[in-house]
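Whatever order the structure lists ligands and atoms in, that order sets their numbers, starting from 1. These values consider heavy atoms only, across backbone and side chains, with no hydrogens, waters or symmetry-generated copies.
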Amino acid sequence: MIKFINESTDYLKSKGFDNPEVGIILGTGLGQLLDHVEIIAEASYNHIPNFPTATVEFHKGKLIYGNLEGKKVVIMQGRFHVYEGYSLQDVTFPVRIMEKLGIKTLLVSNAAGAINLNFKKGELMLIDDHINLQGSSPLAFKGVSELGERFTDMSAPYDAEINSKFESIAQDNSINLHKGVYASVVGPQLETRAEYRMLKIIGADAVGMSTVPEIIVANHLNLKVAAVSVLTDECDPDNLKPVDIGEIMAMAAKAEPELITLFKKLIKSL
Ligand code: HPA
């Protein structure tokens with residue numbers, strides 16, 4: 001793995017990815033932040049040595065380097081999911097690359113269903129904690145201790161200081177930012193009514209198919225991390241309608257301007 005990481009990182013450095021401070025992973029339907037970035041370099045995932053290749057059509061699959069609010073950032077436009085057939089090590093490989101390039105902070109966004117029915121679609125949720133329901137760990141491989149502590153601490157995986165900054169930015173900008181627990185499932189099928197009931201019982205406020213693997217690896221690498229979910233649907237087991245992916249995408253687009261405000265002002269404050 002170390003050899004692969006060095007090869008990918010050397011390639012990106014040769015393309016001009018020079019010492020980014022912040023890494024950003026943009027979730028499904030959440031690409032507009034890029035309109036605010038002064039782009040300096042970019043690399044398609046399928047050109048980066050050892051990178052998993054992008055498959056899902058929603059994703060353009062690029063790593064972007066540039067300036068955002070005076071900070072050097074590296075942005076993943078589109079991420080990898082276990083439901084596309086990638087391993088958890090594949091899904092999190094880009095986090096290891098961004099860390100090797102120099103980032104100290106990782107910001108993550110995703111689209112998620114609201115399990116807590118006080119939260120409505122089109123609103124945002126700051127992830128305060130998570131439940132890993134993907135059946136394995138991105139740290140469950142032989143050479144993991146060469147890259148960091150195998151028994152990575154998870155007592156506070158999300159950075160308290162960044163989260164309180166997010167909350168005050170939300171308040172100052174009249175953004176309704178909920179806070180809660182995100183559960184990650186494999187997908188790609190949506191949940192049954194019984195699964196939504198279970199998720200509520202075990203303490204989830206939102207459910208999605210990403211983020212937790214990246215957060216685990218970011219903690220393995222001692223990065224500061226924070227993540228925000230865009231709530232795209234309400235998972236009410238007693239009034240469940242068939243899933244409408246078009247509506248999920250439309251809701252992600254609707255909430256996106258608020259997410260962009262949060263991310264831009266947070267990065268400025270770092
Ligand atoms: N379940 C799982 N993933 C999701 C959902 C959901 O309801 N909405 C958006 N991503």
Legend entry - Residues Lys71, Glu21: salt bridge by 4.0 Å N-O rule: no

Legend entry - Per-atom contacts, ligand 1 versus Leu190 - under 4.0 Å to a heavy atom: 1 (N), 2 (C), 5 (C), 6 (C), 7 (O)

Inset, instruction - Could you list which atoms of ligand 1 come closer than 4.0 Å to a heavy atom of Met209? - result: 2 (C), 3 (N)

Legend entry - Residue and atom name of the nearest protein heavy atom (relative to atom 8 (N) of ligand 1), distance in Å to one decimal: Asp233 OD1, 2.7 Å

Inset, instruction - Return a yes/no value for Cys235: is any of its N or O atoms, backbone included, closer than 3.5 angstrom to an N or O of ligand 1? - result: no

Inset, instruction - Distance to 0.1 Å, residue and atom name: give those for the protein heavy atom nearest to atom 4 (C) of ligand 1. - result: Val207 O, 3.6 Å

Inset, instruction - Answer yes or no: is there an ion pair linking Lys104 with Glu99, defined by an N-O contact shorter than 4.0 Å? - result: no

Inset, instruction - Examine distances only and state if a side-chain atom of Ser87 and a backbone atom of Asp90 form a donor-acceptor pair shorter than 3.5 Å. - result: yes

Inset, instruction - Among all protein heavy atoms, pick the one closest to atom 5 (C) of ligand 1 and tell me residue, atom and distance. - result: Gly113 N, 3.4 Å

Legend entry - Protein heavy atom at shortest distance from atom 1 (N) of ligand 1: Glu191 OE1, 2.6 Å

Legend entry - Residue, atom name and distance, where the atom is the protein heavy atom closest to atom 9 (C) of ligand 1: Thr232 OG1, 3.3 Å

Inset, instruction - Determine whether more than 12 heavy atoms belonging to other residues, nucleotides or ligands lie under 6.0 Å from atom NZ of Lys165. - result: yes

Inset, instruction - Using atom types as modelled and distance alone, determine if a side-chain donor or acceptor of Ser44 lies under 3.5 Å from a backbone N or O of Asn46. - result: no

Legend entry - All side-chain contact (heavy atoms from CB on, under 4.5 Å) counterparts of Glu7, not counting sequence neighbours: Lys3, Phe4, Asn50

Legend entry - Under 3.5 Å side-chain donor-acceptor pair for Thr152 and Asn219: no

Inset, instruction - Examine the proximity of ligand 1 to Tyr196 and report which part, side chain or backbone, both or neither, has a heavy atom under 4.0 Å away. - result: side chain

Legend entry - Closest protein heavy atom to atom 10 (N) of ligand 1, given as residue, atom name and distance to 0.1 Å: Ala111 O, 3.5 Å

